[in-house]
Each structure stands twice: as structure tokens, then as C-alpha cells.
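A short worksheet on the structure shown next.
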Amino acid sequence: MSEKGPVNVMLKTLCLLNGTSGDERRVREYIIEQIKDHCTYHVDALGSVIAFKKGEKTPEKTVSFNAHIDEVGFIITHITEDGYLRFAPVGGIDVRVCLDRVVTIGEQGIKGVIGDKAFHLLESEERKSCPSFDKLLIDIGATSKEEAAAVVSPGDFAYFDSDYITFGNGFIKSKALDDRIGCMLLIKLIQSDLPYDTYFCFNTQEEVGLRGSTCTSYAVQADVAVILEATTAADYDGVSGADRVCVLGEGPVISFMDRRTIYDRELYRLGMTMAKENQIPAQTKTAVAGGNDAGAIQTSGNGARVMAISVPSRYIHSAASVVKQSDIENTEKLIRVLLNKLYD
């Protein structure tokens, strides 16, 4: 699979931009550059982008499409006397995916390594467990607090340093696929002709409590809201049946429930029916797990009917999330056929 097509170039660009919760500026600026000639938009106080695209008709219902622009990351909390950095996670990150990872820190892009004690130095009890974040340090190659403080400050954000690569039969590996895939799909919709007037919300701070979407949903007051996301797949060796949750290559995931939301039953059925009628592979999650901006949108203002369509992702919230290109393409196909049905 080539990375030369416009879809992959856009996704690669979005994924390699750094933008953790509260520091989404670079991602926001790129999105605005892509949509500014195709819609009207404004940026709210939390930094979310609310766009409005005129369609061929003005519907009776207000419909919004939503994706979040932030990614999980880290924030620097302290510099030790020896020049190491203490830090905390921003968003839900399993400490096990952080050990010995390269990170990029602050506006200067300082490189560092999340260090842990070498295995051969561990006590027997330490070998049975994983260290907590407060036991880990980032090594930037400094030898003193003064040397480190010259380039890094407490409050600086840090990010997984990760390449975007394609491999195997149509697979993609990168950081931030959750939810730069959703951002790309929203951009493509805005850049195209639409049958109805539609709102688009690029939400900040989803990973730390659905904060951006809480604000944008009050501003838009949608009757129907579609959330485009990435969601956890567990389809790897040794996992079978329902424990796989969802599977790469089997199409977009249409959720009926997660830990934050019970999705609108009619919209859930509509998604499944339209996928079947248009021969688009689709699946649901076989576990009630996770959550997304639907949890805030559903209960804000007068409330909204919500629907989540997600791309399955292995190793989510890590430096090496993996998705399949065909799932992205089929998600876009499903959205396109739904565009004529959501406004009824």
C-alpha cells in the first residue's frame, strides 16, 4: 500500500503533529488550513473548532459530526537535581507501553527516553510488577538540574516519538490514530459537496474527560450527533470469541453501548442496515468498554441522539497503535450513505 495518495498523506500529517489535551494548537491550525475555504468556522474558548457547511438543502433537524483532536501524552512535573524529569500521564495510558520509549518534549522538541531500572538490577519482587508513573523518569541526557532547566520546564508537554509506517497487507502504525482518523474523515466531508447543512465539531480535551465536546454540544445543540472515533481491538494471538471485542479488517464498529453511553437504538439499527444494504462490512463491539465524546454530547443542553462509528485499533493509546486502511475506507463509505438518512 502506498503512502502517496492524498488520504494517507493527510492522515500521516495529522498523526505526526503533537497535540495532547490542552496543547492542541498545532493540530487545530492544520485542520483550519484544510477547511477554511469550504465552510464557516470559529474556535471556542477551549480551542475546539466548530464548523458549519452549507449543503444542498436545509434540514429540519440539526446534525453534527464530531471527532476529537487531542491525543494522550505526558506533562513534566519536576526536574531532579541530577537533571532527570518527573512526569505524569495526560489521558489514559498504561504504564507498560511507556517503558524505554522515546519522547519529544516541549516547544523545542527535546528528545528523551522514559527510563526504568534495568532488568538485571531488579529485586525479585520488583520483577513481578510494573513500576508506577511516579517511579519513572525521563532522561534527556542532562547532568544537572540547571542543564535540564535550560531547555525544559515543569508544565511542558511530552509526546510519544513515533513514525507513521505502513506494513503487511494494508496496516498502518502510528501514534495518535485515536482520533486523527476521525479528524481526517471530518475534513474530507467538509471538502466535499453535502446534501444537507451540517455542523462539524473538532473537539479538544476528550482524553481527559470529554471537556471540549461538552462545550461544543451546548453551542450546536444538535438533534443527532455522530461521533467518529478509533476503538480498542483485541484481535491478537491467543484471544478468541467475544474477548476480541472487534477485529481489524472487518469494517467500521457501530457501538450499542460503552461505559459512558447507551447509543440511540434507531441510529444503531440504521447504521447496521445501511452497511448491509450497501455491502459495506461492519461490526459491533462485543464488550461494554471505553467511552468517547458521545457521553458528553448525549446529555448536554436538551440532549441529543448519538451514534458512534469507530475504526478498530490494536494497541490504542500507545506509540504504536495499528489500524487497517480498508477499515478507514469502509468507515468513510458508511458515513457517505448515512448522509441521506440522518436528517429524516
Side-chain angles (χ1 to χ4, degrees), residues 12-27 70-167 171-180 207-208 230 232 236 313-323:
K12 179 178 181 178
T13 301
L14 282 164
C15 287
L16 295 184
L17 290 169
N18 289 328
T20 197
S21 309
D23 188 38
E24 300 98 340
R25 174 183 54 82
R26 288 167 289 269
V27 184
D70 58 319
E71 65 188 281
V72 297
F74 312 95
I75 192 167
I76 305 305
T77 59
H78 178 71
I79 304 174
T80 73
E81 293 300 321
D82 293 328
Y84 293 93
L85 311 180
R86 294 196 178 277
F87 65 100
V90 178
I93 307 177
D94 187 334
V95 69
R96 291 172 295 181
V97 307
C98 302
L99 304 181
D100 304 319
R101 286 289 186 179
V102 177
V103 293
T104 301
I105 308 157
E107 294 294 329
Q108 296 186 51
I110 302 300
K111 301 294 185 183
V113 176
I114 298 176
D116 61 305
K117 190 187 293 187
F119 183 79
H120 63 279
L121 298 179
L122 295 176
E123 302 293 339
S124 58
E125 287 302 311
E126 291 179 311
R127 296 184 182 189
K128 298 176 183 178
S129 62
C130 193
S132 58
F133 278 107
D134 60 3
K135 300 298 182 183
L136 297 177
L137 296 167
I138 297 176
D139 180 355
I140 62 169
T143 56
S144 68
K145 184 174 186 177
E146 292 73 22
E147 185 180 350
V151 291
V152 176
S153 300
D156 284 349
F157 290 100
Y159 304 88
F160 287 120
D161 190 80
S162 172
D163 291 333
Y164 177 107
I165 64 169
T166 58
F167 68 103
F171 291 88
I172 299 168
K173 186 280 298 183
S174 180
K175 74 174 182 67
L177 288 164
D178 171 25
D179 182 32
R180 305 292 160 72
E207 299 291 3
V208 291
T232 304
Y236 37 80
S313 173
R314 297 175 189 153
Y315 328 123
I316 204 166
H317 285 195
S318 76
S321 297
V322 172
V323 299

ask   = Got a sec, which residues hit side-chain contact (heavy atoms from CB on, under 4.5 Å) with Glu146, two or more places apart in sequence or on another chain?
value = Ser144

message = Suppose the criterion is salt bridge (charged side-chain N to carboxylate O under 4.0 Å, His left out): which pairs have a residue in residues 100-113, not counting sequence neighbours?
response = Arg25-Glu107, Arg26-Glu107, Lys111-Asp161

For Ala158 against Ile76, the heavy-atom pair lying closest together = CB-CD1, 4.4 Å

key: Short side-chain to backbone donor-acceptor contact, Lys12 and Ser174, under 3.5 Å   = no

note = With sequence neighbours left out, the residues meeting side-chain hydrogen bond (donor to acceptor under 3.5 Å, both in side chains) with Asp82 are none

ask   = With no hydrogens and no angle check, is any side-chain donor or acceptor of His78 less than 3.5 Å from a backbone partner on Arg86?
value = no

inquiry  = As a quick check of understanding, evaluate side chain to side chain donor-acceptor pair (under 3.5 Å) for Asp178 and His317, giving each step before the final call.
reply    = CA-CA 7 Å; Asp178 171 25; His317 285 195; 3.0 Å; yes

note = Looking only at heavy atoms, the pair that brings Ile79 and Lys145 closest together is O-CE, 3.5 Å

Arg180 side-chain N/O to Leu17 backbone N/O, donor-acceptor pair under 3.5 Å = yes

remark   = salt bridge (charged side-chain N to carboxylate O under 4.0 Å, His left out) pairs touching residues 129-141, sequence neighbours excluded, are none

note = Residue set satisfying side-chain contact (heavy atoms from CB on, under 4.5 Å) with Ala88, at least two apart, ordered chain then number -> Ile75, Thr77

note = By side-chain contact (heavy atoms from CB on, under 4.5 Å), Asp179 pairs with (sequence neighbours left out) Ala67, His68, Glu229

